[in-house]
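Reminder, nothing fancy here: chain letters follow the sequence lines and each chain counts from 1. Only heavy atoms go into these numbers, but all of them, side chains included; no hydrogens, no water, no symmetry mates.
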Protein chains: 2
Amino acid sequence: MTYICIMYEKKLPVDLQCGLHLFMEVMSGKWKIALIWCIHLGIKRPGELHRRIPKASRRILDTQLKQLTTLGIIDKTVFEQLPLKVEYELTALGETLIPVIETTAQWGEKHRAILEPFFLNPAVK
Amino acid sequence: MTYICIMYEKKLPVDLQCGLHLFMEVMSGKWKIALIWCIHLGIKRPGELHRRIPKASRRILDTQLKQLTTLGIIDKTVFEQLPLKVEYELTALGETLIPVIETTAQWGEKHRAILEPFFLNPAVK
DNA sequence: TCAAGTACGGCTAAATTTAGCCATATCAGA
DNA sequence: TCTGATATGGCTAAATTTAGCCGTACTTGA
């Protein structure tokens, strides 16, 4: 079966020589980290995810959830009942991401004091 | 001293609750991983970096080198001689990134077989 | 003096991602 | 029957990042 994927069809080639590029391709997307982490914490339903991440529009959360599903990081279960009920959960592959995320998060926390000022006020040093 | 930073001045706020967001902010940029890794391997001069990463334009490499410098990941040394000579090297902060990069790269390599097809041929399953 | 090397900046267009609006359908409860 | 909750899609504009062109200045060597 052939179908149009929701991933933007890139006109410029992607480089994947190094494994970190693969990681970055998976994680890049403004809300993917938050989504993965919320699902890891047990927040499974799209409505509740949206309430937990209120700054993101419903639209972009859907888009990125779909991308993560396509990549095999999360699974989507549609309960065939009315009203519709949907749940997301991490796949086995998604679970392997958790310790890696923790490693990078620890790095970020450790150096937060140095890094944060540049992002909060990038125009002035 | 106040100066205009080369970072794009964002009109939408950035979220940094979690340390992983800090890591992602530092690493995001198409060529930053390659730049950090090359510098880690001892390739120090801008011209040689460009020859090692020929697919990137000189312009964008300069831009991302400057961003990494601003963030304190690399240091730039200008030798006051003519013709000009410039060298980059990792700062202490940049060095702390190496084991983290290795962790994420290992994750990517381990799952390359599953992930790669989605990026190489995203339009068809 | 011309080409080629060093390094750097301005500027604009293209590519890519994100935001935000409007609309669908079904169900439960007031 | 009106409101609000469930979940989802089409579409376009805005925001952001990357690519690519042209130009600067200095040096060395042919």
Side-chain angles (χ1 to χ4, degrees), chain A residues 3-15 21 24-35 43-51 53-71 74 76-88 119 122-123, chain B residues 3-15 21 24-35 43-51 53-70 76-88 119 122-123:
Chain A
Y3 64 92
I4 301 301
C5 177
I6 44 82
M7 311 284 283
Y8 183 99
E9 196 166 345
K10 290 179 196 288
K11 298 181 181 171
L12 300 173
V14 185
D15 256 325
H21 278 107
M24 294 295 288
E25 283 293 323
V26 172
M27 301 303 286
S28 74
K30 191 164 175 177
W31 307 102
K32 283 187 190 159
I33 301 166
L35 287 171
I43 300 163
K44 306 181 166 204
R45 307 198 45 194
E48 184 157 10
L49 285 166
H50 190 201
R51 280 188 293 275
I53 311 173
K55 287 187 220 166
S57 73
R58 196 266 312 162
R59 205 73 190 75
I60 191 62
L61 288 186
D62 281 358
T63 303
Q64 302 200 345
L65 283 166
K66 213 166 287 185
Q67 291 172 354
L68 290 171
T69 305
T70 301
L71 291 171
I74 60 179
K76 176 181 181 175
T77 308
V78 180
F79 293 85
E80 290 301 348
Q81 48 176 243
L82 288 174
L84 226 49
K85 180 180 170 182
V86 171
E87 281 189 4
Y88 292 99
F119 297 117
Chain B
Y3 63 93
I4 301 301
C5 174
I6 44 81
M7 311 284 283
Y8 182 99
E9 195 166 345
K10 291 179 196 287
K11 297 181 181 173
L12 300 174
V14 185
D15 257 325
H21 279 107
M24 293 295 289
E25 284 292 323
V26 171
M27 301 303 287
S28 73
K30 191 163 175 176
W31 307 102
K32 283 186 189 159
I33 301 165
L35 286 171
I43 300 163
K44 305 184 168 204
R45 306 197 47 193
E48 184 157 8
L49 285 166
H50 190 200
R51 279 188 293 276
I53 312 174
K55 286 187 222 167
S57 73
R58 196 266 311 162
R59 204 72 190 74
I60 190 62
L61 288 186
D62 281 357
T63 303
Q64 303 199 345
L65 283 167
K66 211 168 286 185
Q67 292 172 353
L68 290 170
T69 305
T70 301
K76 175 180 180 175
T77 308
V78 181
F79 294 86
E80 291 300 347
Q81 48 177 244
L82 288 173
L84 227 48
K85 178 181 171 182
V86 170
E87 281 189 2
Y88 293 99
F119 297 117

Q.
Testing the basics here: between B:Ile53 and B:Leu61, what is the closest heavy-atom pair and its distance to 0.1 Å?
A.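 Looking at all heavy atoms of both residues, the closest pair is O-CD1, 4.2 Å.
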Select one nucleotide: of [options], the one nearest the side-chain heavy atoms of [X].
X: B:Arg45; options: C:dT6, D:dT8, C:dC8; answer: C:dT6
X: A:Val86; options: D:dT18, C:dA19, D:dA7; answer: D:dA7
X: B:Lys30; options: D:dT8, C:dT18, D:dT18; answer: D:dT18
X: B:Lys66; options: C:dT18, C:dC8, C:dG9; answer: C:dG9

Q: Indicate, with a heavy-atom threshold strictly under 4.0 Å, whether A:Gln64 touches base, sugar-phosphate, or nothing.
A: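 The residue A:Gln64 makes sugar-phosphate contact but no base contact.
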Nearest-0.5 Å distance that lies between atom [atom1] in [X] and atom [atom2] in [Y]:
X: A:Ile43; Y: A:Leu49; atom1: CD1; atom2: CG; answer: 6.5 Å
X: A:His50; Y: A:Lys55; atom1: NE2; atom2: NZ; answer: 12.5 Å
X: A:Gln64; Y: A:Leu71; atom1: CD; atom2: CG; answer: 11.0 Å

Q.
Can you list everything that forms a side-chain hydrogen bond (donor to acceptor under 3.5 Å, both in side chains) with B:Arg58? Sequence neighbours excluded, please.
A.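 Applying side-chain hydrogen bond (donor to acceptor under 3.5 Å, both in side chains) to B:Arg58 gives B:Asp62.
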Q | First encountered from the 5' end of DNA chain C, between A:Ser57 and B:Pro46 | A | B:Pro46
Within the structure, does a side-chain N or O atom of [X] lie under 4.0 Å from either OP1 or OP2 of [N]?
X: B:Trp31; N: D:dA19; value: yes
X: B:Lys85; N: D:dC26; value: no
X: A:Lys76; N: D:dT8; value: yes

Q. Any side-chain heavy-atom pair from B:Lys30 and B:Ile60 closer than 4.5 angstrom?
A. no
Q.
Please encode protein proximity along nucleotides 21-29 of chain C as a string of B, S and -, counting only heavy-atom distances under 4.0 Å.
A. B----SS--
**Q.** A:Glu87: side-chain contact (heavy atoms from CB on, under 4.5 Å) partners, not counting sequence neighbours
**A.** A:Lys44, A:Arg45, A:Phe79, A:Lys85
Q: Give the rounded distance in Å between these two atoms: CG of B:Leu65 and C1' of D:dT18.
A: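 Nearest whole value for this atom pair: 15 Å.
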Q.
Tell me the interatomic distance from B:Met24, atom CE, to C:dT18, atom P, rounded to whole angstroms.
A. 10 Å
